[in-house]
Engineer: 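One structure coming up, written as structure tokens, with questions to follow.
Each chain gets a letter, A, B and so on, in the order its sequence line appears, and its residues count up from 1.
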Protein chains: 2
Amino acid sequence: MSSANDLREIALIEFSTTGYAGTSIHKIADAAGLSKSAVLYHFGSKEILLDAAIRPAIDELESILAELESTPFTTEFRGAFLDRFVDFLFVHRLEVNMFINQGPSLVDVPVIDRANDLVRRLATHVTSTMASVEEEMRFAIALGGAAYMLCAEHSLGLEAAPIGEAKTALITILTGLLAPIGVRQGD
Amino acid sequence: MSSANDLREIALIEFSTTGYAGTSIHKIADAAGLSKSAVLYHFGSKEILLDAAIRPAIDELESILAELESTPFTTEFRGAFLDRFVDFLFVHRLEVNMFINQGPSLVDVPVIDRANDLVRRLATHVTSTMASVEEEMRFAIALGGAAYMLCAEHSLGLEAAPIGEAKTALITILTGLLAPIGVRQGD
DNA sequence: ATAATATCTGACCGATCGGTCAGTATCTGT
DNA sequence: ACAGATACTGACCGATCGGTCAGATATTAT
């Protein structure tokens, strides 16, 4: 139907798996059955296409973070937050994988910079004030690990699992991973 | 001193952070204060340079895996294995980050294929036979999360931590993450 | 029917890519 | 001193990159 939307999705898949620098406009055009010029007609440049591909996910992450920052981070709210965040991870796994792994090398792209800022803000709000080294490590492993797992499931053996089961499993795992955050170590 | 070794290390850093496709031979040569031709004199091609950069890590991973596969995976051995594996992750964080994140897009490079195989073998031996979805997810999060965290620590706030403290913290985290593997769920 | 607009193509541009090659220092063993 | 590696440079090659542009085709509005 919509060529522009097709291109957005194809570009997202290619950028996420092969990398932004490793994906040519020609390859995206081929996958969509169009010419390179058609891609540049819909999106004025490769960078604009990247922006269009991941902007919706960044926008949603920003709204999640806005709600997180405006709510006291009680234990019961942490559960609700994790529910919403895991949903976000499942829907936008490719986008998250993109700016997690390629964020450092794409700092000059505005939408990537926004994403990097959001991740930093997320880290400071999920970890406690004066977070210990282990707390920051737990956060990083949870985020980077989930992003990797959700995009590597095909190369491992877990593609056929029902989504609901995978979601509850991920919530369980992340809850356990982040549980020691905010409690004094040694308790 | 040794230009070849300098180039190996520089290439590893560049490939890991900017990506293999996103790193030109010229950039590596510049960082080493040499010409592009000098790089191609020491390493006949870009792919040979990539091979040289990560082969030592792959070799060590293979020996770790060989020991793992020749030893019954008892609870006490799991602890010793995690010790050794965390050491490996700290020393070869860049290489691990490379073939974890860029492995799927570099399948045609033999040394990367070897690495992908090793990861698969590692997964089947760390998770129990007939591993559940959650077990496989735990393994993937542990591996991908550790690889991400160890390379993202600069962009987060934990670069100044003493190495020993970080290592014991990572062992603690991974032990907790992988603990439910092999035990019947619901206990 | 026709004018306008949206969609798309192929030819082309300069820049950069990985890689080759001839030639030049530099160092080393005799 | 000199012959032979070793280390390196700059010029060059074809291919591919992102991007521009003129024009063809299809769609829509009047």
Engineer: Say whether, by atom type as modelled, one donor and one acceptor occur between the side chain of B/R138 and the main chain of B/L177 under 3.5 angstrom.
Structural biologist: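 Yes.
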Engineer: Which part of the nucleic acid, if any, lies within reach of A/S37 when heavy atoms closer than 4.0 Å are counted: base, sugar-phosphate only, or nothing?
Structural biologist: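 The residue A/S37 makes base contact.
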Engineer: Between D/dT9, D/dA7, C/dG19, which one does the side chain of B/S35 approach most closely?
Structural biologist: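 Given the options D/dT9, D/dA7, C/dG19, the side chain of B/S35 is closest to D/dT9.
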Engineer: Which nucleotide, C/dT7, D/dG19, C/dT20, lies nearest any side-chain atom of A/S45?
Structural biologist: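 Nearest listed nucleotide: D/dG19.
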Engineer: Within the pair B/Y41 and D/dA7, is there a side-chain N or O less than 4.0 Å away from OP1 or OP2?
Structural biologist: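 For D/dA7, OP1 or OP2 has a side-chain N or O of B/Y41 closer than 4.0 Å.
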Engineer: Taking all non-hydrogen atoms of both residues into account, name the closest pair between B/G144 and B/I100 and its distance.
Structural biologist: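 Minimum heavy-atom separation between B/G144 and B/I100: CA-CG2, 4.5 Å.
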Engineer: Expressed as a whole number of angstroms, how long is the span from A/K46:NZ to D/dG18:P?
Structural biologist: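 So the NZ-P distance, A/K46 to D/dG18, works out to 4 Å.
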Engineer: How long is the line joining NE2 of B/H26 and C1' of D/dC17, in whole Å?
Structural biologist: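 Nearest whole value for this atom pair: 16 Å.
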Engineer: Looking at A/S24, does any N or O in its side chain come under 4.0 Å of the phosphate oxygens OP1/OP2 on D/dC17?
Structural biologist: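 Answer yes for this pair, as a side-chain N or O of A/S24 is under 4.0 Å from OP1 or OP2.
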Engineer: Looking only at the side chain of B/A38 (C-beta and beyond, no hydrogens), which of the listed nucleotides D/dT9, C/dC17, D/dT20 gets closest?
Structural biologist: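 Selected nucleotide: D/dT9.
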Engineer: Tell me the interatomic distance from A/I25, atom CD1, to D/dA15, atom P, rounded to whole angstroms.
Structural biologist: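 The answer, rounded to whole Å, is 21 Å.
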Engineer: How many whole angstroms separate atom CD1 of A/I28 from atom P of D/dT16?
Structural biologist: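 Rounded to the whole Å, the gap is 17 Å.
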Engineer: On DNA chain C, nearest-nucleotide positions of A/K36 versus A/H42: which is more 5'?
Structural biologist: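 Nearest-nucleotide comparison on DNA chain C picks A/H42.
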Engineer: Between A/R121 and A/E69, is there a donor-acceptor pair closer than 3.5 Å when you use the side chain of the first and the backbone of the second?
Structural biologist: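 No: the side chain of A/R121 does not pair with the backbone of A/E69.
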Engineer: Rounded to the nearest angstrom, tell me the gap between atom CG in B/L7 and atom C1' in D/dC8.
Structural biologist: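 That distance rounds to 12 Å.
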Engineer: What integer distance in Å separates A/I48:CD1 from D/dG19:C1'?
Structural biologist: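 To the nearest whole Å, that distance equals 11 Å.
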Engineer: Work out which heavy atom in A/Y20 is nearest to a heavy atom in A/Q102; give both atom names and the distance.
Structural biologist: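 That would be N-OE1, 2.8 Å.
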Engineer: Looking at A/D117, A/N116, A/T124, which hits side chain to side chain donor-acceptor pair (under 3.5 Å) with A/R120?
Structural biologist: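 Exactly one candidate clears the test, A/D117.
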Engineer: Starting at atom CG of B/D6, determine the distance to atom C1' of D/dA7, rounded to an integer number of angstrom.
Structural biologist: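 Computing the B/D6:CG to D/dA7:C1' distance gives 14 Å.
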Engineer: Just how far, in rounded Å, is C1' of D/dA26 from CG of A/L34?
Structural biologist: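 It works out to 14 Å between those atoms.
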